[in-house]
Amino acid sequence: MPTVTEQTDQAQDHTSHALLPFLQSQSQTALTRLYQRPSSCLSIFRLLGAVERQIVMNLLWLESSIPTSTMASWVTRDGKTFFDDAIATLTRLHIMPNPIAKLGLSPAFKTGMRHAVTGGGTSVSFGVPAELDEKRPAPTVEALDAHALERWETILHYMVSSGTGQAPARPSQGVLYLLDRSGLMKPNHGSQLQITSSGFQFLLHTPHAQLWELLLQYLQMVEERQMDLVEVLSFLFMLSTMELGRDYSTESLSVTQKAMLEDLRDYGLIWQRKASSRRFSPTRLATTLTSSLPPLPTATGASAGTGQAQGFIILETNYRLYAYTDNPLQTAVLNLFVTVKSRFPNLVVGSITRDSVRKALANGITADQIISYLTTYAHPQMRKNKPLLPVTVQDQIRLWELERNRVKSQDGYLYTEFASHADYEYVLNYAKQLDVVLWENATKRCFFGTVGGHANIRGFIERRTGGQAGTGR
Amino acid sequence: MDKASHLSLILDISPSQWHLSASPSNAFPLSFKTFLSHVLTFLNSHIAAMHENSLAVFGALPGKSVMLYSSTDTAEGADVVAADPNAYRPFKLVDSLVMRNIQRELELLGDPEEEAPIALVGALTKALCYINRITHIPTGAATEDPAVLIDPRILILSVSPDLSSSYIPVMNSIFSAQKYKITIDVCKVFGADTVFLQQAAHLTGGSYIYLERRDALLQYLIMSFLPPPAMRQVIAVPKQDKVDFRAACFCHKDIVDIAFVCSVCLSIFCSPVPVCSTCRTKFPIKTLQRLNASRPSLPPSANGTPRPGARQNTPLATSLR
């Protein structure tokens, strides 16, 4: 399950971007082809960590490789681990070959990146702007934002309200297929898609993470659909370097990339007047792909264009929650773990209760995800508090989660009806040596062993008593 | 560690100094044109590092300072720059606007008989004001969000010698920078070390580098000045090992090794004075006589010649009373 592993990776390491592991799994030839386009080099460069970026920049204008020790002398003692990690990452991405003795950039990446920084070359990798057309001017930034927001919220809203009996607008077939493939939704009886526990977790992520999760899934499907991965990736990277509110021509795109236009239109990454149009405009979703602090275009920032602050949740120590929002999607997401008491045109009042949290936990959402969601979307007024969320509420949510983990089940065998106490002691000692005892009771002369230890214990008892001692489940 | 940073670059555009710098008698002649191409590449590298990185470029010209570029208001020149499918648009925008504005300013400068002193202080204060403006966005509550706060720094590329009359304004700028946690980096591209800028870098935790191999300007810039202050905990950026702490006296604006300091307001004088010119404190005649008698016999050092032995331990040597 690729989605699951990616999520854990993200949780462990916030600095590393979700796309990097995917890129690292690609072959060297594919990556080298990718690096031939300056826009791809620039975008990948931006996805790297700060130390990696500095190393790349240090090496960019050097003609020959330099000894690793020389570069290492630029690193403080505390930064040694960062530096070693950075070198390892760069090598895995084939940005840097053979790092053992000498450091240097691979020729393809070096040329591509140099062209990106100085603006040379003839690769046409930053998108060909469309001819100015007086009759059909490029859409305004507001229009693009609205388009992106509408598409993205349609997807999320469809997910959140599946199974609740409501029937929101359905996203296109391609999106539904992607949701199914990614394991975020699963068809239950019939063709109706039902949100899964990873889908619930997905809803609580930041829009940026959500977008990349879907795009990664899209990239996984590329091979099945006989598309060229390098073309797909370089198109995504090209989009990320384009300028918001500008028209680009489709003429320089390859066949694969033209086919992608339709998919990306469904996700809200690009805007086209009509499907056959020869021009397209990237939306904010696309142009912020490689930035880490996205100027939110989507669901979360009530409406991106108006400059409204993105936080809207106020949480009090008495577990009451006030959410200043009129957005049905945000309300629906809150409904996952909040008991909503009353709704007003611009305000939702509810409280976090044991039942509401347990409902969320049963859906597969973790306490940490609830807390991080509340933190991310905390109202600016809340940001004055230190710590941001009331500690009591945070602790209680975690305790409710622990409550579910009170009983732990383990398979095993119960050994009873020993003939004598000496017998019991003897077998128990043997089992203890193997470290397979889970529970013991001397007065009842029984103990419980793990599944793994059963064969040994059984053999031991049989050897000793000639198969007379009783063993039971 | 991984957050946006702001860079304010101050270019020292002194025609006479650049003329000297380009003359082939130097070990590594560096013309203004080559210098600019290196600097623009450096600026592009700064923007390349992060989508959110912001940039402002100021020019210190003879007698005037101007803002050449800022990433917050680019609308003015956006239409002038033609779209180019081979270049990332923000890079193209910086390059063209900076070049255009420098050209315009140099034309405005004309051909005066005598060059006015470089308005470095003007550029420095403009940079400080600009940073103050972008870090305190007047939207109210949102400013307290730590994610929005940027990591500001100023990089000065200096070619002109110290202007001793600007000691007080430079020091005041340094104090403002300290207050707002702005790092000041200095790269001395041409000419002798400047005492004031060394102090500026030292006091704000920045780095001062005297460019030795001037043909490798870009590499120097990238390795030493590209890492934002937050990252310098990992990447060791060279700091100057010896700082010239000498101050300029308030009476003649000379740089002095040993001076007399007003016990009330800490003003610096090269010779004992009966009344402090800053705070009007009167000093007793007796003290003046004693001080005059104890004055060191060696004459005050010539303007700007560093004396490595004396400067380390004697920042401000004597005090009154």
Side-chain angles (χ1 to χ4, degrees), chain A residues 14-15 38-39 42 45-46 49-51 53-55 57-58 60-62 73-80 82-83 113-129 240-243 246 248-249 252 287-288 290-295 307 309-311 379-381 383-384, chain B residues 1-5 37-38 40-53 78 82-96 137 139-148 150 216-224 226-228 230-238:
Chain A
H14 284 284
T15 55
S39 60
L42 181 64
F45 175 73
R46 281 187 166 167
V51 181
R53 288 201 302 264
Q54 184 63 37
I55 294 173
M57 270 300 166
N58 283 353
L60 183 60
W61 299 99
L62 297 176
S73 65
W74 278 76
V75 179
T76 57
R77 197 168 298 153
D78 302 337
K80 188 83 177 71
F82 289 111
F83 177 73
M113 192 67 198
R114 280 184 182 183
H115 278 157
V117 171
T118 54
T122 51
S123 57
V124 201
S125 69
F126 290 96
V128 181
S240 77
T241 56
M242 283 178 170
E243 197 188 357
R246 189 171 277 269
Y248 289 89
S249 155
S252 65
T287 53
T288 57
T290 51
S291 66
S292 58
L293 299 166
Q310 62 172 73
H379 195 276
Q381 290 284 336
R383 305 221 170 253
K384 289 178 188 153
Chain B
M1 188 165 76
D2 219 7
K3 60 175 181 174
S5 73
S37 68
H38 284 215
L40 290 178
T41 312
F42 169 71
L43 293 179
N44 287 350
S45 310
H46 171 73
I47 314 173
M50 261 189 132
H51 196 270
E52 299 83 7
N53 277 358
D84 179 354
N86 290 317
Y88 184 43
R89 196 167 155 76
F91 294 170
K92 184 99 181 160
L93 216 55
V94 176
D95 296 1
S96 337
I137 312 146
T139 47
T143 39
E144 301 305 318
D145 188 356
V148 179
I150 45 155
L217 172 67
L218 179 61
Q219 194 65 26
Y220 271 89
L221 289 177
I222 284 180
M223 294 192 79
S224 314
L226 192 59
M231 219 180 67
R232 297 185 188 178
Q233 287 155 4
V234 177
I235 302 285
V237 165

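Just so we're on the same page: letters track the sequence lines, and every chain starts at 1. These figures come from a predicted structure and were not determined experimentally.
Asp95(B) is linked by a side chain to side chain contact (heavy atoms under 4.5 Å, CB included) to Leu40(B), Asn44(B), counting only residues two or more places apart in sequence or in another chain. Under the side chain to side chain donor-acceptor pair (under 3.5 Å) criterion, Ser224(B) pairs with no residue, sequence neighbours left out.
When heavy atoms are compared at a cutoff of 4.5 Å, Gln233(B) approaches chain A solely by way of its backbone atoms N, CA, C and O. At a 4.5 Å heavy-atom cutoff, the contact between Ile235(B) and chain A is made by backbone and side-chain atoms alike. Of the atoms belonging to Phe91(B), it is side-chain heavy atoms, and not backbone ones, that fall under 4.5 Å from chain A. Both the backbone and the side chain of Thr241(A) come within contact range of chain B, each with at least one heavy atom under 4.5 Å from a heavy atom of that chain. There is no contact between Ser252(A) and chain B, counting heavy-atom distances below 4.5 Å.
For the atom pair NE2 (His115(A)) and CG (Leu42(A)), the distance works out to 14.0 Å, reported to the nearest 0.5 Å. Atom CG of Leu60(A) sits about 13.5 Å away from atom CD1 of Ile55(A), to the nearest 0.5 Å.
Here the shortest heavy-atom pairing between Thr76(A) and Arg232(B) reads CG2-O, 4.4 Å.
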